[in-house]
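I have placed the structure first, in the form of structure tokens, so that the comments after it can refer back to it.
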Amino acid sequence: MRALGHRVVDLLVDRLTVDGLPLRRATPAEMRERLAGPPPAGPQPPEKVLERLERDVLPFRSRVDHPRFLAFVPGSGTWPGALADLVASACNVYAGSWMESAGPSQVELEVLGWFKDWLGYPPTAAGSLTTGGSAANMTAFACARENLAGAMRDDLVVYVSDQAHSSVARSARVLGFRPDQVRVLPTREDLRLEPGTLERAIEADLRAGRSPLLVSANAGATNAGTVDPLAELADVCRRHGIWLHADAAYGGFAVLCERGRRELQGLEHAESVTLDPHKWLYQPFECGCLLVRDGKLLRSAFEIAPDYLSEARAAEGETNFADLGLQLTRTSRALKVWLSIQILGLDAFREAIERSLKLAEHAARRVEESKNLELLVPRSLGIVCLRRRFEGADEAELEPRNASLAAALERSGTGLVSSTRLHGRYALRLCILNHTTGLEDVDAVLDFLEHEEPSGEPARSHERHPDVTESLVPPPLGRQPLFASLAADEAEQVAALASGREAQPGETVVEQWGSERDFFVIEDGTADVFVGEEHVATLGPGDFFGELAALDWGAGYGYPRLATVVAGSPLRLLVFADGALAELMRFPSVERRIRAAVHERLPRT
Ligand SMILES: *Cc1c(COP(=O)(O)O)cnc(C)c1O
């Protein structure tokens, strides 16, 4: 045991202290070549197996803890945290019931107590450490539904902003919310949810006889770090008796420093909060957390007491963590949080978080001051979204050229960034979080993005057809600018998806807040677009509408209708039913026009 343990520690220390690439990819064929094969029937020398691990497994992965890994959400753990995981595994700690786990349970209560304190939650709040933010979000949704509504019902509605994390969509899907029971609400230009938008959506649902249940707000959205106006959203929710959940998986621990606390104002008002200690609290994977303000609600949502666990039932004053979530058998994730904070001291964590925030501020300033770079949305927490300006490049060219630039950055070994879309616009995205990332790392990556030329293969090939009005595509599609660049066989596929519809002057084709998802192209006639009472546009032949609600935001959910469209003169429409827009967007020329429309139209809603 000792010899093998020492050998493993040596291997780790060697690995962890060499600089490698932030990412080493490999194809499935390459990996099969190295690793495929049946299990050995008998033992093998541990030394040989460890060598294979070092040679064939560990090199082929992202170094999420690399100082220049600025993609997605970096993961930089600590050595004490990793050792605590070893302790939890070696002792096979079971942290499900008080009876079997008084020590680890108390450690988890302590750690959760710290978190409550940092957020400004009352001591009566309760929580549990989970596998991650996804599990925490799902647990929050289940807790809210069980306590406010009980079993699933068709009239329940939840609200999320278009910046919400995909795990929120997955939670809703798994818990049985149908597409018309999840309202994806548009955010303002700064990517924050306007309380008035939420209020109007709730009122529309109440008028339609639905029951608003829950709002999932962003407290540091993964996309661009944005924080919704939490205190104002809490007011709206309180007035309507709705559960406000705050997803702070990425950003929540920024409350540990003054700067971050200012940005996360109002977090304490949420009924529940998701945190991810394996993100900005520097814990090794996996460690998420859910806190619920009214602590008893978590137990009432999850506790089930079978006969075969009767000895382990919690007595008065005891906490059984298995009663507070999905897992019965669960390890102690609290050990790593506790051990790393005890050994390193909380100030080290505070300072690392503050340093990341300052580096993100520095990065945003550099981007703003650079002639070559464009800041696409104000920095929020540690996330900076930008792109390179390429002289003369239009919107359509900016995307592949920036994608190539990011690919060139990766190939050069200088660093790694990822990309996203902000209301339809392509952006490169830096997430600065790692406690070993320094000024020189951020500057090296920005230097590259500012000055290097993308070379080699474009990261994504976007065929560009000239936009022609007289195309070879036969009518009716040929007259549509949206489809004019398609080849004849492509147009045939599109035509097969369309049906026809007519509308008389004054007839409402789509109604604001409605939940149907058809997408329309105008063949003939005019249509007037209203947001609330306000007339915002008149559309004519060749224009399209309904694309916002028709877009799949995730798990089949999407925006409700954000405008009302009324026929201004006799209208002839091509109708693409729910789901067809995704098919249309497989054609780059169509996708480009739809994305441009999203970017232009969303702010007007
Ligand atoms: C990362 C993240 C999640 C998902 O958490 P996992 O730990 O990856 O399961 C959810 N919400 C937000 C805002 C996140 O950043």
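Note that the structure is a prediction, hence the values are computed from the model and not measured. Counting starts at 1 for both ligands and their atoms, following the listed order. Scope of the values below: all heavy atoms of this structure, side chains included, with no hydrogens, waters or symmetry mates.
Just one of R333, Q327, E108 meets the side chain to side chain contact (heavy atoms under 4.5 Å, CB included) condition when paired with F321; it is E108.
Closest of all the heavy-atom pairs between Y94 and A322 is OH-CB, 4.2 Å. Annotation for I594 and L551: closest pair CG2-CD2, 4.3 Å, computed over non-hydrogen atoms.
The shortest separation from a heavy atom of K279 to ligand 1 is under 4.0 Å, placing the residue in contact. Residue contact check for ligand 1: A221 places no non-hydrogen atom closer than 4.0 Å to it. Ligand 1 lies nowhere less than 4.0 angstrom from a heavy atom belonging to V73.
Note on ring orientation: taking the six-membered ring where Trp is involved, the planes of Y282 and F349 are tilted (angle from 30° to 60°).
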Test ring pair (Phe, Tyr, Trp, His ring centres under 6.0 Å) applied to W553 and Y559, step by step: CA-CA 8 Å; W553 173 79; Y559 293 117; 8.4 Å; no
Take R261 and Q265, measure what side chain to side chain contact (heavy atoms under 4.5 Å, CB included) needs, and give me the verdict at the end. CA-CA 6 Å; R261 176 171 289 278; Q265 231 170 33; over 6 Å; no
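Considering only non-hydrogen atoms, atom 12 (C) of ligand 1 lies nearest to T222 out of T130, T222, N223.
Listed by number with element, the atoms of ligand 1 under 4.0 angstrom from any heavy atom of G132 are 7 (O), 9 (O). The ligand atoms of ligand 1 that sit less than 4.0 angstrom from a heavy atom of A249 are 2 (C), 3 (C), 10 (C), 11 (N), 12 (C), 14 (C).
The closest protein non-hydrogen atom to atom 4 (C) of ligand 1 is H165 CE1, 3.4 Å. In terms of protein heavy-atom proximity, atom 9 (O) of ligand 1 is nearest to S134 OG, 2.6 Å. Regarding atom 6 (P) of ligand 1, its nearest protein heavy-atom neighbour is G133 N, 3.3 Å. Ranking protein heavy atoms by distance to atom 7 (O) of ligand 1, first place goes to D276 OD2, 2.6 Å. The nearest protein atom to atom 11 (N) of ligand 1, hydrogens excluded, is given as D247 OD2, 2.6 Å; this is a heavy-atom distance.
The backbone N or O of H165 lies less than 3.5 Å from no partner atom in the side chain of R170, so there is not a single donor-acceptor pair.
Inspection of the R25 and S62 side chains reveals no N or O donor paired with an N or O acceptor under 3.5 Å.
With a 4.0 Å heavy-atom cut-off, ligand 1 is reached by the side chain of N137 but not by its N, CA, C or O.
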